Structures are given as C-alpha cells and as structure tokens.
Novice: 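The structure follows.
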Amino acid sequence: MARGQFNDLLWFLAVAEERSFTRAAAKLGIAQSTLSHTIKRLETQMGIRLLTRTTRNVAPTEAGERLRQALAPRVEEIEAEIASLTEFRDKPAGTIRITLSDHALQSYVWPKLRPVLVDYPDIKLELNIDNGFRNIVEEGFDAGIRLGESVEKDMIAVRVSPDWRLVAVASPGYLKTHPAPVHPEELIGHNCINHRHLRAGGLYAWEFEKDGQDLRVRVDGQLAFNSSHAMIDAALNGYGIAYIPEDTVVQYIAAGDLVQVLDEWSPFFSGYYIYYPSRRQNLPAFRVIVDALRYAHP
C-alpha cells in the first residue's frame, strides 16, 4: 500500500467516526474540500462506495462500516504503541482523554488530579463532561468514569469513589407553600427540577428504594438542566425540588438553605469507576492518572 493511500484511509476513518465532513476536517486540521476530494479518490481507487452522503449527514455504507471496523482497532493499537514510547522519557508524557459526569469531575476526579498535573507537567489532560454513556473506544477516549453498575464487562475497572446517594432537596421558602412529600409518588404534584441526559435525550426518572421496594418516578416541573450545579442553584432559589448527589448539597442542608425530604427513600449507588481497554494500562502517563484516582477504602 502506498503511503498516500494509508493517509487516505486515516482520513476516511475520521469521517466515518465523526459522521460529518465538517467535524472530521476540523479534527484533522484540513480544508473540507480537500477531505471530500480525498474520500472520492479513495472510493474511485477501491471501486467501492464507502460513504452515503445526504444534505444532513454522512454514514458509512455496508462496505464502509466493514472497513471502519477493520481500521479502528488497528489504528488505536498503533497510537497506543507510539504513546507507550514515552516510557523512555525522564517523565511520563502524553495526552489523556477521559469522559465523565460533572459530579464525578467536581467531587472525586479534579481534586485528586490537580496536584498530579503540577508534578507531571508533560501530561496533558482532557476531561470531557457528559452525563450520558459513551463508547470510549469508538470515540477516541482513553477512559471513562461512570457508576460501577454501568461499566462494560470487557473493560478494566478501578474504583475512584465511595458509594454515594442522591437526595431530594428544596428551599424552606418552597416548602412553606408546598407541603413536603412523604412518599416518592407525591412528587408528581410538585414542581421538580429535572435532569436531562444530553446524549440519550431523555429526562432522568428519579430512582428510590425502601425496604426492598424500588420505585422510578418521572417528575415534571418548570426547569430541566444537564448540570447538577445549575439544579442546586435553582433549588436554592425556590424553583422546586431537586434530586442531587448528597455530597454537593450537604453544606447547604447544614446551613438551613436547603431542606432534605424523602431521606429514607434515597438509595446508595455503587460508586464511580474509571474503566478502559487493557492495552491502555501500559502507558506510563495513563498509569499515573489511574494511580492518582484510585480509591483507598477507609
């Protein structure tokens, strides 16, 4: 294979994964017209249509998807091997990309990684906030951080946080005019501050548990956010009841700015884990990050 054709295949892979010539061109740092011309040339040389193009999107054909599945893991292996060469440097170096929720970032990840970046200035870190689920291999992430119950079974997983729970809170002002619920189903009559999953598009159904009874309640209200910090601000300002990670509001509860309701119905979740493909653990910079995040049981 000619070196130029190998580059063409890499460019095709970018378009197939981004499903957009515009985003792929920006990722590659080239002109969109150059990228389009290159893909057409590749298709002509192979005698196969690799992409279907419409005015709204781009998608691989059956042949294109087969080529993408063949290329993606091999390119990732090459990139991992190149990155592993940093072990010959005096200090670990390289870029680490992680997808995680805003709660995981603020409560457990960023506080642990701040001092690490000072000690390892050659490590570059990209933390992508997303409360949805991502295919970290297909989307080019080195790792993801999610609840233990959500981690794919074929991934290596390392715990980075204790178990934690969501709690329902509202301001004293709101509860003066809206009697506090004593059962989760009573939330249906309240103005609740919703949480939207950005990628899945749906609103989170609030999960409760008591004495072995599990409940999922779809609440309604004036506001919906995809950020827990915005939900806290709305609750503090009397816009309704929010269902928020306990560690993010404990100080407001202690100060009397928020009141916790349905406490006996609030279940614990299994804690956050950093998960990643096995070959990632051999990268020196990545090992530094995982070791820094590893949760030490008290």
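Atoms considered below: every heavy atom in the structure, side chains included; atoms not considered: hydrogens, waters and symmetry mates. Along the sequence shown, the residues carry numbers beginning at 1. None of these values were measured; they are calculated from a predicted model.
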Novice: Check S36 against F21 and note the closest heavy-atom contact, atom names and distance.
Specialist: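 In this case the closest contact between S36 and F21 is CA-CE2, 3.7 Å.
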Novice: Quick one: pull up CH2 in W265 and CG in D214 and give me the separation to the nearest 0.5 Å.
Specialist: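 Those atoms lie 9.0 Å apart.
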Novice: Give me the other members of the hydrophobic cluster that I253 sits in, counting Ile, Leu, Val, Met, Phe, Trp and Tyr linked by side-chain heavy atoms under 4.5 Å, directly or via other members.
Specialist: V167, V169, I193, L223, F225, M231, I232, L236, Y239, I244, V249, Y252, L258
Novice: I need the L35 CG to D8 CG distance, nearest 0.5 Å.
Specialist: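 Rounded to the nearest 0.5 Å, the CG-CG separation comes out at 10.0 Å.
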Novice: Has the side chain of T61 got a donor or acceptor atom that lies under 3.5 Å from a matching backbone atom of R49?
Specialist: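 The answer is yes, because a donor-acceptor pair under 3.5 Å joins these two groups.
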Novice: What's the spacing between H183 NE2 and L215 CG if we round to 0.5 Å?
Specialist: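 So the NE2 of H183 and the CG of L215 are separated by 5.5 Å.
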Novice: Does L166 offer a backbone N or O that forms a donor-acceptor pair with the side chain of S266 under 3.5 Å?
Specialist: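 Confirmed, S266 side chain pairs with L166 backbone.
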Novice: Taking CG in D220 as the centre, count heavy atoms belonging to other residues, nucleotides or ligands within less than 6.0 Å. Is the count above 12?
Specialist: no
Novice: Please list, chain by chain and in numerical order, all residues satisfying side chain to side chain donor-acceptor pair (under 3.5 Å) with D257, sequence neighbours excluded.
Specialist: none
Novice: Using the salt bridge (charged side-chain N to carboxylate O under 4.0 Å, His left out) criterion, which residues pair with R114? Sequence neighbours excluded.
Specialist: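 Counting only residues at least two positions away or on another chain, R114 forms no salt bridge (charged side-chain N to carboxylate O under 4.0 Å, His left out).
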Novice: If you look at every heavy atom in V15 and L51, which pair is closest and at what distance?
Specialist: CG1-CD1, 3.6 Å
Novice: Could you label the plane-to-plane angle of the Y243 and W206 rings as parallel, tilted or perpendicular, counting under 30° as parallel and over 60° as perpendicular?
Specialist: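 Answer is parallel, since the angle falls under 30°.
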Novice: Looking only at heavy atoms, which two atoms of A143 and Y276 are closest? And how far apart?
Specialist: CB-CB, 4.0 Å
Novice: Does E186, at its CD atom, have more than 12 non-hydrogen atoms belonging to other residues, nucleotides or ligands within less than 6.0 Å?
Specialist: yes
Novice: Apart from F268 itself, what residues make up its hydrophobic cluster when side-chain heavy atoms of I, L, V, M, F, W and Y under 4.5 Å apart count as a link, directly or indirectly?
Specialist: none
Novice: Output all residues satisfying salt bridge (charged side-chain N to carboxylate O under 4.0 Å, His left out) with E43, sequence neighbours left out; order by chain, then residue number.
Specialist: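 Applying salt bridge (charged side-chain N to carboxylate O under 4.0 Å, His left out) to E43 gives R53.
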Novice: Taking only residues two or more places apart in sequence or in another chain, which ones pass salt bridge (charged side-chain N to carboxylate O under 4.0 Å, His left out) with R97?
Specialist: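 Testing R97 for salt bridge (charged side-chain N to carboxylate O under 4.0 Å, His left out), a comparison that skips the adjacent residues, returns E126.
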Novice: Could you walk me through whether F269 and D163 satisfy the side chain to side chain contact (heavy atoms under 4.5 Å, CB included) test, starting with their C-alpha distance in whole Å, then the side-chain angles of each, then the deciding distance to 0.1 Å, before giving a yes or no?
Specialist: CA-CA 6 Å; F269 294 94; D163 291 346; over 6 Å; no
Novice: Below 3.5 Å, can you tabulate the donor-acceptor pairs from side chains in residues 67-75 to any protein atom, sequence neighbours excluded?
Specialist:
| residue | atom | partner | partner atom | Å |
| --- | --- | --- | --- | --- |
| R68 | NE | E65 | OE1 | 3.1 |
| R68 | NE | E65 | OE2 | 3.3 |
| R68 | NH2 | E65 | OE2 | 2.8 |
| Q69 | NE2 | E65 | OE2 | 2.9 |
| R74 | NH1 | A70 | O | 2.7 |

Novice: Within a reach of under 6.0 Å around NE2 of H37, are more than 12 heavy atoms found that belong to other residues, nucleotides or ligands?
Specialist: no
Novice: Checking L100 against Q106 for the side chain to side chain contact (heavy atoms under 4.5 Å, CB included) test, could you report, in this order, the C-alpha distance in whole Å, the side-chain angles of both residues, the deciding distance, and whether it holds?
Specialist: CA-CA 10 Å; L100 71 172; Q106 297 294 337; over 6 Å; no
Novice: How far apart are the C-alpha atoms of L187 and F208, what are their side-chain angles, what is the distance that settles it, and do they pass the side chain to side chain contact (heavy atoms under 4.5 Å, CB included) test?
Specialist: CA-CA 12 Å; L187 290 167; F208 297 95; 3.6 Å; yes
Novice: Y174: what forms a ring pair (Phe, Tyr, Trp, His ring centres under 6.0 Å) with it, not counting sequence neighbours?
Specialist: H178, H190
Novice: In Å and rounded to the nearest 0.5 Å, what is the CH2 to CG distance from W110 to L127?
Specialist: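 The CG atom of L127 is 7.0 Å from CH2 of W110, to the nearest 0.5 Å.
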Novice: Supply the atom-to-atom distance N194 CG to I241 CD1, rounded to the nearest 0.5 angstrom.
Specialist: 12.0 Å
Novice: When you look at I98 and I289, which way does the side chain to side chain contact (heavy atoms under 4.5 Å, CB included) test go after all the steps?
Specialist: CA-CA 10 Å; I98 301 175; I289 297 300; 4.0 Å; yes
Novice: Answer with yes or no whether the hydrophobic clustering places V290 together with V118; edges join I, L, V, M, F, W, Y residues whose side-chain heavy atoms lie under 4.5 Å apart.
Specialist: no
Novice: Within a strict 4.5 Å, meaning less than it, do heavy atoms of the P277 and I136 side chains meet?
Specialist: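 Yes. Closest side-chain heavy atoms under 4.5 Å.
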Novice: Using the salt bridge (charged side-chain N to carboxylate O under 4.0 Å, His left out) criterion, which residues pair with E209? Sequence neighbours excluded.
Specialist: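 Counting only residues at least two positions away or on another chain, E209 forms no salt bridge (charged side-chain N to carboxylate O under 4.0 Å, His left out).
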Novice: Given side chains that start at C-beta, do those of I145 and Y273 come closer than 4.5 Å, heavy atoms only?
Specialist: no
Novice: Any pair with a residue in residues 11-29 that passes side-chain hydrogen bond (donor to acceptor under 3.5 Å, both in side chains), sequence neighbours left out, goes on the list, sorted by first then second residue, please.
Specialist: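 Matches after skipping sequence neighbours: T22-Q32.
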Novice: Does any donor atom in the side chain of R146 or T99 lie under 3.5 Å from an acceptor atom in the other side chain?
Specialist: yes
Novice: With a 4.5 Å cut-off on side-chain heavy-atom distances among I, L, V, M, F, W and Y, is there a chain of contacts connecting V182 to L175?
Specialist: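 As far as the 4.5 Å side-chain criterion goes, L175 and V182 are not connected within one cluster.
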Novice: Search all heavy atoms of A285 against all heavy atoms of A93 and return the closest pair with its distance.
Specialist: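 So the minimum-distance heavy-atom pair works out to CB-O, 3.5 Å.
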Novice: Could you check whether any side-chain heavy atom of C192 comes within less than 4.5 Å of a side-chain heavy atom of V217, counting everything from C-beta outward?
Specialist: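 Not touching, per the 4.5 Å side-chain cut-off.
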Novice: Could you tell me which non-hydrogen atom of G238 sits nearest to which non-hydrogen atom of S171, and how far apart they are?
Specialist: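 Here G238 and S171 meet closest at CA-OG, 3.3 Å.
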Novice: Which residues satisfy the side chain to side chain donor-acceptor pair (under 3.5 Å) test with S228, sequence neighbours excluded?
Specialist: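 In terms of side chain to side chain donor-acceptor pair (under 3.5 Å), with neighbours along the sequence ignored, S228 is linked to D102.
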Novice: Short question: side chain of K112, backbone of A292 - any donor-acceptor pair under 3.5 Å?
Specialist: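 Not a single qualifying donor-acceptor pair exists.
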Novice: State whether the side chain of T95 and the backbone N or O of K124 hold a donor-acceptor pair below 3.5 Å, judged by distance alone.
Specialist: no
Novice: Kindly check if the number of other-residue, nucleotide or ligand heavy atoms within 6.0 Å of CZ (R218) is above 12?
Specialist: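 Count not over threshold, so no.
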Novice: Does atom NZ of K210 have more than 12 heavy-atom neighbours from other groups under 6.0 Å away?
Specialist: yes
Novice: Could you tell me whether the side chain of W164 reaches within less than 4.5 Å of the side chain of Y272, counting heavy atoms only?
Specialist: yes
Novice: Please round to the nearest 0.5 Å and tell me the distance separating atom NE2 of H195 and atom OH of Y204.
Specialist: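 Result: 9.5 Å between the selected atoms.
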Novice: Indicate the atoms forming the closest heavy-atom contact of D263 with Q260, along with that distance.
Specialist: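 Between these two residues, the closest heavy atoms are OD1-NE2, 2.6 Å.
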Novice: For the residue pair L293 and Y108, establish whether any side-chain heavy-atom pair is separated by less than 4.5 Å.
Specialist: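 SC-SC contact between L293 and Y108 ruled out.
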Novice: So which residues get pulled into V250's cluster when ILVMFWY side chains under 4.5 Å apart are joined, directly or through others?
Specialist: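 V250 shares its hydrophobic cluster with no other residue.
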